[in-house]
Number of protein chains: 2
Amino acid sequence: MAVSSPPTLQDIARALGLSVTTVSRALAGYSDVAPATRERVRQMARKMGYRPHAWARRLRQRRTDTLGFIIPTHGPRFSDPFFSEFLAGIGNEAAQHDYDLLVSTHGPGQREIDAYERMVAERRVDGFLLVRTRVDDPRVRFLLAHQVPFVTFGRTQAENAHPWVDVDGEAGLYALTQLCLQHGHRRIAYIGAPPDLMHARHRLAGYRRALADAGVPQNPAWVQVGDLTEESGYRAAQVLLRLRPRPTALLAANDLMALGALAAVHEAGLQVGKDVAVAGFDDVPLAAHTQPPLTTVHQPIYDIGRRIVAMLIALLRGQPLPQQQVLLQPRLVVRASCP
Amino acid sequence: MAVSSPPTLQDIARALGLSVTTVSRALAGYSDVAPATRERVRQMARKMGYRPHAWARRLRQRRTDTLGFIIPTHGPRFSDPFFSEFLAGIGNEAAQHDYDLLVSTHGPGQREIDAYERMVAERRVDGFLLVRTRVDDPRVRFLLAHQVPFVTFGRTQAENAHPWVDVDGEAGLYALTQLCLQHGHRRIAYIGAPPDLMHARHRLAGYRRALADAGVPQNPAWVQVGDLTEESGYRAAQVLLRLRPRPTALLAANDLMALGALAAVHEAGLQVGKDVAVAGFDDVPLAAHTQPPLTTVHQPIYDIGRRIVAMLIALLRGQPLPQQQVLLQPRLVVRASCP
DNA sequence: TTCACCATCCAAAACGATTTGGAAGCGCTT
DNA sequence: AAGCGCTTCCAAATCGTTTTGGATGGTGAA
C-alpha cells in the first residue's frame, strides 16, 4: 500500500459497510447507534488511525475553537519576560480545553486594528485575549463594536463593559510607597509608565495617595515617565539622581525600569539599599538575582494567563461567569534594594 | 436589516446575478472573466464587505497556511527573554506571508510528541518551527518520520537531515575564552548547559578548544552544569568560587546563568571585572544594564526568527532554498564584566 | 391483521470556498 | 452555411465533517 492520505469518515464507513452518518454519530456517542455497531466503529477508527479533520469539523460547526492573542510589541528588539510566562499560562489552559491559540504580533498604531479586523472578518478566532490595556483602548472599542468576545488582562476606561482580570496596581504602589515612608524616606521619586496605559494611572495614583495620606509634600520633578524598558529606567534614574536635594528612593512602575535604575545608581557611585532605595513592580524571576535583590510587587502572571483563558472559554460556551471582573491583591516582596 | 452573518460568495453572486464560480474567479483574478465583470464583482465585494472564509478556503485547498510553534517550557514559572524576541520575529515574518502562527506550550517528556502528533494528525498546520534542539531530538525524529516540513533553530545529531539556522556557539565560546586568556586569566571556569541540548556541546567544545590551543591545563572541577536559569547560574558560581585556587573567570552558556553568577560573585564580596571576570551568551537586552554590564556573545534572535519562518514557507511552497543549513557567526560584545 | 412504537440506520443537505469540464455566443474563415 | 477558435460564463463536484429528516424492519398490543 502506498503512502496514503489520512483516513476519513468515508474510509471507515466503506471499510465497515456503514454510512458516514452512522460512523460520525457512533464516534460522537449518539444513542441512536447500536452498542455493538458503536464498538465496531470505534475499533476500526483506532485501527485505521482516524483523526477528525479539524477544519472540516469547524467549518460545519461554525466555530473555530481558536483564541486570538496579538502580542503588543514595540520595536523589533522587544523583549519582556512578562510575555513568556503569560504565554505559558494561556497556552496550557487553552490546550487543556482543546482550544488553539493563534498568535500574532503588532505594535500599537494605525494598522493595529487591521490585525484584529482580519482575524475577525475571516472567522479565524472565536475570541481574543488582550494585554497591556490602554485607557481608551481602540482594540476594546473595536471588539465591543463587533460583538467579539474577549477578556483583558488589565482594566480600561470601560470598566464594566467587558470582563477583565487585573492586579490592584494602586494598592501595590501604595504598599511600596508606604514601605519607604516607614523607613524614613521623604524624598521618594517615581518612574512611571506611559500615561495611556491603564496600569500607569493606577500605580501612579497609589504612589500619590500614599504620600498624601502621610502628609509628605510631593514634588513634580520627582515623577518621571519611562517606556517600561531598562534603558528608559536607566535614563529616568540618571535625571532623578542629578536633582538636589536628591531623592532617597526610586520606585519604578515595572521591574525592567527598576533594573535600569539600579544600574544608574551604581554608576553614580551610590549604594543601592543604603544611599538610595530602589523598587519595581512585577517580580520577574530576575528580580531575586539582581545586585542587590530587588524589592518589588509580585504579579502571578502565569495564573492570570490561565484564568483569563478560562474566563474567555466559559464566555464562548455561554457558561455564566462567577465574576465578570477580578481584581487581585498584589503581594509585596521585600528584598535588599529597598529594605 | 438585522445583524446578519458576513457575506459569502453566494451573496455576491445573487446580488449581481452571477454564478458563484464567476465571482470566485473574478476575485482570484482569473483571465476567463470579462474585465467589466471583474470590476463589478470587485466593487460589490468591497461594498458588501466580503472577506473570504479562511477555513472554507483552506479545506478546499488542502493547505492550512499555518505554522506550528510549540514553546518548550520547563516549569510553569518559566521566563526567558529569548522567547518574546523570537516570537516577535516569527510572528512578523509569518504575517508578512499571510501565514498564521499556531502556538502551544509543552515541556520535554513523554507527552511532548503527542502535542506535535495532534497538530499533524488533525491537519492543523503545514509545518513546524523548532527551537532549543536536543542532540537526539525526539521531535526531529517524529517530524522526519512523518514527513512534516520543519526548520529548526539549532542543529541536531541529524545535521544534514533537515534545514536549520544556528549560531556558531563553538566559535562564540572560543572567542570568549580567548578574550579571557589574552587578559592573563588561566583559571577559567565554565557553567554549561544540560548536555542533551545541542548548543551545550558546541559551546563547551569552543571553551575546551580555546584552552587546549593555548596550552592551558583544564580542570574538570572548573566545569559545572546548570539548567539555563539565573538560579542555577547562581548556585554553580557559588560552588566554583569556593574552589581553591579560585577560578578568575566564569563563563556561562547563557546570559541568565551569567546574571546568577554575577550575584554570587557580589555576594562573595568579590568585585566583578576585577577579582573575577564573568561573561555570558545571548546578549539579552538586560545584559547591557547589569552591574557591571555583561560581556557576552550576541545572537540576532529576532532576525533568526524571521529567517527560519522564511525558510519554512519557501519549503512549503516548493521553492528551492538557497541554503538548507545556515551557520551564523556570532559577535563578541565586550563590556565591563570581562574587559 | 393492523397499527403504533422503538431501535437502528442512512441519504442528502448543509458549511463556504475552489476547481473541473464543459456550454453558449460570437466573429471569422472557407 | 458549416466549422473553428475565442471569450465569457456556469453547473456540479469536491474538501471532510455534522445535522436534519426520514426510512426500514421488528416487536408488542389491540
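Residue numbers begin at 1 in each chain, while the letters A, B, ... track the order of the sequences.
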Do other residues, nucleotides or ligands put more than 12 heavy atoms under 6.0 Å from the CD atom of A:E117? yes

Whether the side chain of B:D166 engages the backbone of B:L327 through a donor-acceptor N/O pair (distance < 3.5 Å, no angle test) should be reported. no

Using rotation axes that map the C1' atoms of four end pairs onto the next four (five pairs an end), what angle separates the end axes of the helix from C:dT1-D:dA30 to C:dT30-D:dA1, to 10°? 80°

Please state how far atom CZ in A:R62 lies from atom C1' in C:dA17, giving the value in whole angstrom units. 13 Å

Report the residues that fulfil ring-ring contact (aromatic ring centres under 6.0 Å, His included) with B:F142, sequence neighbours left out, ordered by chain and then residue number. B:H146

Considering only NZ, NE, NH1 and NH2 on the basic side and carboxylate oxygens on the acidic side, decide whether B:D303 and B:R306 come within less than 4.0 Å. no

Which parts of nucleotides 6-12 of chain C does protein reach within less than 4.0 Å, heavy atoms only, written one letter per nucleotide 5' to 3' as B for base, S for sugar-phosphate only and - for none? --BBBBB

Is it true that the side chains of A:S19 and A:T22 contain a donor and an acceptor less than 3.5 Å apart? yes

C:dA14, OP1 or OP2 - any side-chain N/O from A:Q61 closer than 4.0 Å? no

From CG of A:L59 across to C1' of C:dA14 the rounded distance in Å is 9 Å

Which residue in the set B:T156, B:L197, B:L144 passes side chain to side chain contact (heavy atoms under 4.5 Å, CB included) when paired with B:D137? B:T156

Using whole Å, what does the distance between atom C1' of nucleotide C:dA13 and atom CG of A:L9 come to? 16 Å

Test: ring-ring contact (aromatic ring centres under 6.0 Å, His included). Region: residues 94-135 of chain B. Which pairs qualify, not counting sequence neighbours? B:Y116-B:F128

With side-chain hydrogen bond (donor to acceptor under 3.5 Å, both in side chains) as the rule and sequence neighbours excluded, what pairs involving residues 309-326 of chain B come up? none

Provide the start and end nucleotides, 5' to 3', of the part of DNA chain D that has atoms under 4.0 Å from heavy atoms of chain B. D:dT8 to D:dG16

Between C1' of C:dG16 and CZ of A:R124, the distance in whole Å: 15 Å

Tell me the closest heavy-atom pair linking B:V33 and B:R38, and the distance in Å. O-NH2, 3.6 Å

If the threshold is 4.0 Å, N to carboxylate O, is there a salt bridge linking A:D136 and A:R141? yes

Test: B:D126 and B:R63 ion pair at under 4.0 Å: no

Would you indicate what A:R51 reaches in the nucleic acid, counting non-hydrogen atoms under 4.0 angstrom: base, sugar-phosphate, or nothing? sugar-phosphate

